[in-house]
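What follows is a single structure, and I will ask about it in a moment.
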Amino acid sequence: MAHQRSSQARLSPSSDTEDMEDLSRLLAPRLAYFAGVARTEHVTRAAQEMQVPQSTLSRAMVRLEQDLGVDLFARHGRTVSLTPAGRTFLASAERALAEIRRAADEVRADADPATGKVAFGFLHTMGAETVPGLLHAFRADHPRVRFSLVQNYGEAMIERLRAGELDLCLTSPVPDAPDLVARRLDEQKLRLVVPADHRLAARKRIRLAEASDEIFVTLEPGYGLRRITDDLCKEAGFKPRIAFEGEEAETLRGLVAAGLGVALLPPPAVPRPGVAELTVTAPRAAREIGVAWLADRPDTPPVAAFKRFLLSRRGNLLPT
């Protein structure tokens with residue numbers, strides 16, 4: 001049976017993207033009204049159930065049909081019944097409303113103070129020990145808060161903050177940008193890591209300039225630790241000769257153990273055999289660790305609680 005066309009159509013669907021977007025904006029507010037009338041097949045009863053004036057509901061249905069250019073209801077006095085077009089539209093409208101309810105339930109659940117979710121990013125080097133310890137301590141007072149955890153390098157996490165994919169992140173260097181809020185939390189000393197049989201391995205301390213002739217293994221450009229390595233070597237008076245570039249500090253430590261170079265790295269969570277780790281006395285070799293979030297973005301209660309917790313750990317963020 002062909003769908004009956006309304007004689008008072010205001011906007012007909014077309015393949016044009018802008019027209020379809022305009023149509024969607026017109027239809028969306030009326031979907032719940034339509035579903036209510038379709039369910040009861042009675043405008044007065046639907047108005048009572050939805051607690052809206054009957055006149056408002058009647059006008060909304062007329063406008064809906066006009067916007068679609070299709071009759072959705074056959075009128076029978078005070079009752080109505082769906083036309084074939086109405087039944088087709090109802091099936092999709094109910095799916096759309098169910099998806100809206102699901103989305104609403106999800107965002108309310110994520111914002112719940114006791115059981116909500118925090119999207120938290122952090123550096124790879126903090127994943128083995130620092131972050132697990134932080135989460136364990138936080139959940140002592142917030143045992144049901146959920147976390148979505150993302151490990152990445154600093155610039156990638158800042159991009160995800162700006163995209164709305166993260167609520168906050170631990171990163172280094174501490175960013176300085178007008179759209180971000182960043183707070184320094186701690187400092188982590190860097191060591192010159194050399195193979196266990198290296199000529200410098202017996203040393204406890206070293207000036208970085210003494211390694212100017214060495215081959216280095218480093219993180220790739222774009223990583224905060226790579227930028228710090230380049231800057232420290234420049235301050236020491238040389239440009240490092242780089243043989244390997246990687247994405248993860250412990251992989252670099254493995255390359256050092258294999259005799260493929262030396263590296264400036266933070267301390268490992270667990271001592272790595274095959275390497276010696278030397279304190280760098282000059283220049284001062286350390287990286288600042290900070291927490292960052294988008295300025296002017298309101299926090300949900302669980303995000304606010306975790307942010308307060310992180311800020312309370314200033315100077316005591318990293319394991320000793």
Side-chain angles (χ1 to χ4, degrees), residues 1-119 146 148 161-167 179 294-304:
M1 180 176 177
H3 293 173
Q4 185 178 357
R5 299 287 298 180
S6 169
S7 61
Q8 297 179 328
R10 293 177 59 249
L11 179 62
S12 297
S14 77
S15 58
D16 183 81
T17 301
E18 290 186 3
D19 284 350
M20 294 305 293
E21 290 178 353
D22 289 342
L23 185 59
S24 297
R25 284 193 291 269
L26 287 168
L27 300 183
R30 304 186 187 115
L31 293 184
Y33 285 172
F34 166 72
V37 174
R39 183 178 64 253
T40 61
E41 296 188 331
H42 199 287
V43 176
T44 302
R45 193 176 305 131
Q48 291 171 345
E49 289 184 2
M50 289 186 283
Q51 298 182 337
V52 296
Q54 179 178 334
S55 58
T56 299
L57 195 55
S58 296
R59 284 195 300 270
M61 293 303 94
V62 171
R63 291 290 299 275
L64 178 61
E65 290 177 314
Q66 291 175 346
D67 290 337
L68 283 173
V70 175
D71 289 324
L72 301 175
F73 298 102
R75 273 74 177 178
H76 313 284
R78 296 182 179 181
T79 64
V80 296
S81 62
L82 288 170
T83 65
R87 286 193 294 271
T88 298
F89 190 66
L90 177 62
S92 294
E94 288 180 331
R95 286 195 297 271
L97 291 169
E99 183 63 18
I100 292 170
R101 287 191 292 270
R102 185 204 62 78
D105 289 343
E106 182 176 341
V107 296
R108 281 197 295 261
D110 287 348
D112 186 273
T115 62
K117 186 172 72 173
V118 179
R146 297 168 289 124
S148 172
L161 269 181
R162 289 177 169 139
E165 298 173 12
L166 292 176
D167 295 310
D179 61 331
L294 271 185
D296 302 324
R297 175 184 289 174
D299 292 331
T300 62
V303 171

Between Val62 and Arg75, the two heavy atoms sitting closest are CG2-NH2, 4.4 Å
List the atom of Met50, the atom of Val37, and the distance in Å for their closest heavy-atom pair. CE-N, 4.5 Å
Please find the pair of heavy atoms, one from Ala111 and one from Pro302, that lie closest to each other, and give the distance. O-CD, 3.5 Å
How far does CD of Gln66 sit from CG of Asp71, to the nearest 0.5 angstrom? 10.0 Å
What one should report as the nearest heavy-atom pair of Gly164 and Arg297 is CA-NH2, 3.3 Å
Nearest 0.5 Å, please: how far is CG in Leu90 from CZ in Arg87? 10.0 Å
Show, in sequence, the C-alpha distance, side-chain angles and deciding distance for Asp105 and Arg108, and conclude whether the salt bridge (charged side-chain N to carboxylate O under 4.0 Å, His left out) test is met. CA-CA 5 Å; Asp105 289 343; Arg108 281 197 295 261; 2.8 Å; yes
Taking Arg146 for the side chain and Thr115 for the main chain, is one N or O donor matched with an acceptor at less than 3.5 Å? yes
Find out whether Val80 and Met61 are in side-chain contact, i.e. whether some heavy atom of one side chain is under 4.5 Å from a heavy atom of the other. no
Side chain to side chain contact (heavy atoms under 4.5 Å, CB included) between Thr44 and Gln48, worked out: CA-CA 6 Å; Thr44 302; Gln48 291 171 345; 4.0 Å; yes
So which atom in Leu294 and which in Leu161 form the shortest heavy-atom distance, rounded to 0.1 Å? CD1-O, 3.3 Å
Before giving the answer on salt bridge (charged side-chain N to carboxylate O under 4.0 Å, His left out), spell out for Arg95 and Glu99 the whole-Å C-alpha distance, their side-chain angles and the decisive distance to 0.1 Å. CA-CA 6 Å; Arg95 286 195 297 271; Glu99 183 63 18; over 6 Å; no
Within-4.5 Å side-chain heavy-atom neighbours: Lys117 and Thr300: no
What are the two closest heavy atoms between Leu97 and Ala35, and how far apart are they? CD1-CB, 3.8 Å
Run Phe73 and Phe89 through ring pair (Phe, Tyr, Trp, His ring centres under 6.0 Å) and show every step you take. CA-CA 11 Å; Phe73 298 102; Phe89 190 66; 9.7 Å; no
Could you grab the distance from atom CG of Asp179 to atom CG of Asp296, nearest 0.5 Å is fine? 9.5 Å
One should read off an interatomic distance between Glu94 CD and Arg101 CZ, to the nearest 0.5 angstrom, of 8.5 Å
Would you tell me whether Glu41 and Thr79 have side-chain atoms, one donor and one acceptor, within less than 3.5 Å of each other? no
Test item: Glu49 and Thr40 side chains (from C-beta on) under 4.5 Å apart, heavy atoms: yes
Distance from Glu65 atom CD to Thr83 atom OG1, nearest 0.5 Å? 7.5 Å
